[in-house]
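Here the structure is laid out as structure tokens; the discussion comes afterwards.
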Amino acid sequence: MPTQLAAPTSTPKPPAGVHARPRMTLRASSGWVALNLAELWQFRDLVATLAGRDLKLRYKQTALGVIWVILQPLMAAGIFSFVFGKVARMPSDGVPYFIFSYAGLMAWTLFSSTVAKVSGSLVGNAHLISKVFFPRLILPLSAIPSVLVDFAIALVMMAVLMFMHRVVPTWGLLLLPVWIAVLLVLATGIGLCTTSLMVSYRDVGYVLPVVLQIVLYASPVAYAVSGVPEHLRIWYDLNPLSPLLEAFRWSLLGRGWMDWPHLAYAALVAMLLALVGVYSFKRMERRFADVI
């Protein structure tokens, strides 16, 4: 009796009672198990793609393009120099007020831009969430590289201003990456909390800019902590941005208020907010596609 041979291209069937193992299994997870760092690393190319798309679309069909990254803080620094330096006559720790306020605005822009972009990352990419599978945490993380690119451009302008005003950097410049990292952790933690809430409550998108504007003037961005009355210092001690902004300015200009206990407090608050943000994001993640 002749034997029938199977075609070379056919896939052998598993024995009876044995099921083929799927290539990928999608299942719900909870708690910290849901934070799969290996999976995030596998999708690192997607982070780069989304970040590049953000950079291309931001200044598309604009006459000045990336020059806006430099013009915006320069104009804001000029306004702050006039209002706080000329009119209010606030102290600037012995450096020209323009470069003093520009340094504070650099740190503030890094923080506020990260909060704003991370907060709007889910709603702004609703079409991807409802159609394509990927770790949803990719979307908030993809907003950070574009913020760092803008910060790098502003940092080059800061070096030019320091050269023009003959401000010589000190060894404190070595600690600048530390303050940048803490600011990013703090902003990302806040952004993860707000972006999770914004999926269900779009009111967060309207409230957030107002809150950031209040925090701007409640933080030593355009003025030094030394100009704050003593009876108000306790409120500045509760604001984790205050020691970080002063430390940032101290690393760049060699002047400012360095309070190491309050810096440790700011780093602790940043870590706690980051943990709360990641945990709340993962808890709400399974509802994003249905609600958004």
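Just so it is clear, the model here is predicted, and its values are computed rather than measured. Atom set for the values below is all heavy atoms of this structure, side chains included, hydrogens, waters and symmetry mates excluded.
- Nearest heavy-atom pair, Thr195 versus Ser121, reported as atom, atom and distance to 0.1 Å: OG1-OG, 3.7 Å.
- Met162 is listed as a side-chain neighbour of Ile99, based on a closest heavy-atom distance under 4.5 Å.
- With rounding to the nearest 0.5 angstrom, the CH2 atom of Trp179 is 11.5 Å from the CZ atom of Phe248.
- Listed by chain and number, the residues in a ring-ring contact (aromatic ring centres under 6.0 Å, His included) with Trp108 are Phe111 (sequence neighbours excluded).
- In this structure, Cys193 and Val276 have side chains that are in contact, with non-hydrogen atoms separated by less than 4.5 Å.
- Hydrophobic clustering (ILVMFWY, side-chain heavy atoms < 4.5 Å, transitive): Met271 and Val118 are in distinct clusters.
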**Request:** Carefully, step by step, assess Leu252 and Leu155 under the rule side-chain contact (heavy atoms from CB on, under 4.5 Å).
**Result:** CA-CA 10 Å; Leu252 283 175; Leu155 190 61; 4.3 Å; yes
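- With rounding to the nearest 0.5 Å, the separation of CG in Leu241 from CG in Leu186 is 5.5 Å.
- The hydrophobic clustering, which links ILVMFWY residues whose side-chain heavy atoms are closer than 4.5 Å, places Trp235 and Leu212 together.
- Sequence neighbours left out, not one pair with a member in residues 152-172 passes side-chain hydrogen bond (donor to acceptor under 3.5 Å, both in side chains).
- Looking at Ser251, its side chain does come within 3.5 Å of a backbone N or O of Gly172 through a donor-acceptor pair.
- In this structure, the side chains of Thr109 and Val147 stay at 4.5 Å or more apart for every pair of heavy atoms.
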**Message:** Quick one, Leu110 with Leu148, criterion side-chain contact (heavy atoms from CB on, under 4.5 Å). Give me CA distance, side-chain angles, the key distance, then yes/no.
**Reply:** CA-CA 8 Å; Leu110 178 66; Leu148 288 176; 4.2 Å; yes
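- For Pro73 against Tyr102, the heavy-atom pair with the smallest separation is CB-CE1, 3.6 Å.
- Atom CZ of residue Phe151 and atom OG1 of residue Thr114 lie 10.0 Å apart, to the nearest 0.5 angstrom.
- Residue Leu176 is not grouped with residue Leu174 when hydrophobic side chains (ILVMFWY) are merged at heavy-atom distances under 4.5 angstrom, including chains of intermediate members.
- The two residues Tyr97 and Phe84 come nearest to each other via the heavy atoms OH-CB, 3.2 Å.
- Annotation: cation-pi pair Arg249/Phe100 present, NZ/CZ under 6.0 Å from the ring centroid and within 45° of its normal.
- Distance alone, capped at 3.5 Å, places no donor-acceptor pair between the Arg202 side chain and the Val123 backbone.
- Between the side chain of Tyr279 and the main chain of Ala274, no donor-acceptor pair closer than 3.5 Å is present.
- Contact detail for Leu192 and Leu137: the closest heavy-atom pair is CD2-CD1, 3.8 Å.
- For the pair Thr188/Val115, no side-chain contact is recorded, criterion being any heavy-atom separation below 4.5 Å from C-beta on.
- In terms of heavy atoms, Ala222 sits closest to Ser101 at CA-CB, 4.5 Å.
- In the hydrophobic clustering of ILVMFWY residues, with side-chain heavy atoms under 4.5 Å counting as a link, Val185 and Leu175 come out apart.
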**Request:** Could you please spell out the steps behind the side-chain contact (heavy atoms from CB on, under 4.5 Å) verdict for Met198 and Ser119?
**Result:** CA-CA 7 Å; Met198 198 179 296; Ser119 299; 3.9 Å; yes
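- Neither Val156 nor Met75 shares a network with the other; the hydrophobic side chains, linked directly or stepwise wherever heavy atoms of I, L, V, M, F, W or Y lie under 4.5 Å apart, form separate groups for each.
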**Item:** Pair Asn239-Ser219, side chain to side chain donor-acceptor pair (under 3.5 Å): steps then yes or no
**Value:** CA-CA 8 Å; Asn239 182 4; Ser219 304; 2.9 Å; yes
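- If you take CZ on Phe281 and CG on Leu139, they are separated by 7.0 Å, rounding to the nearest 0.5 Å.
- For the pair Lys117 and Ser146, the minimum side-chain heavy-atom distance is below 4.5 Å.
- Across all non-hydrogen atoms, the minimal contact from Ala103 to Met158 is CB-CE, 3.8 Å.
- Note that CG of Leu197 and CG of Asp203 are 10.5 Å apart. Values are rounded to the nearest 0.5 Å.
- To the nearest 0.5 Å, the span separating CG on Leu105 from CG on Leu216 amounts to 7.5 Å.
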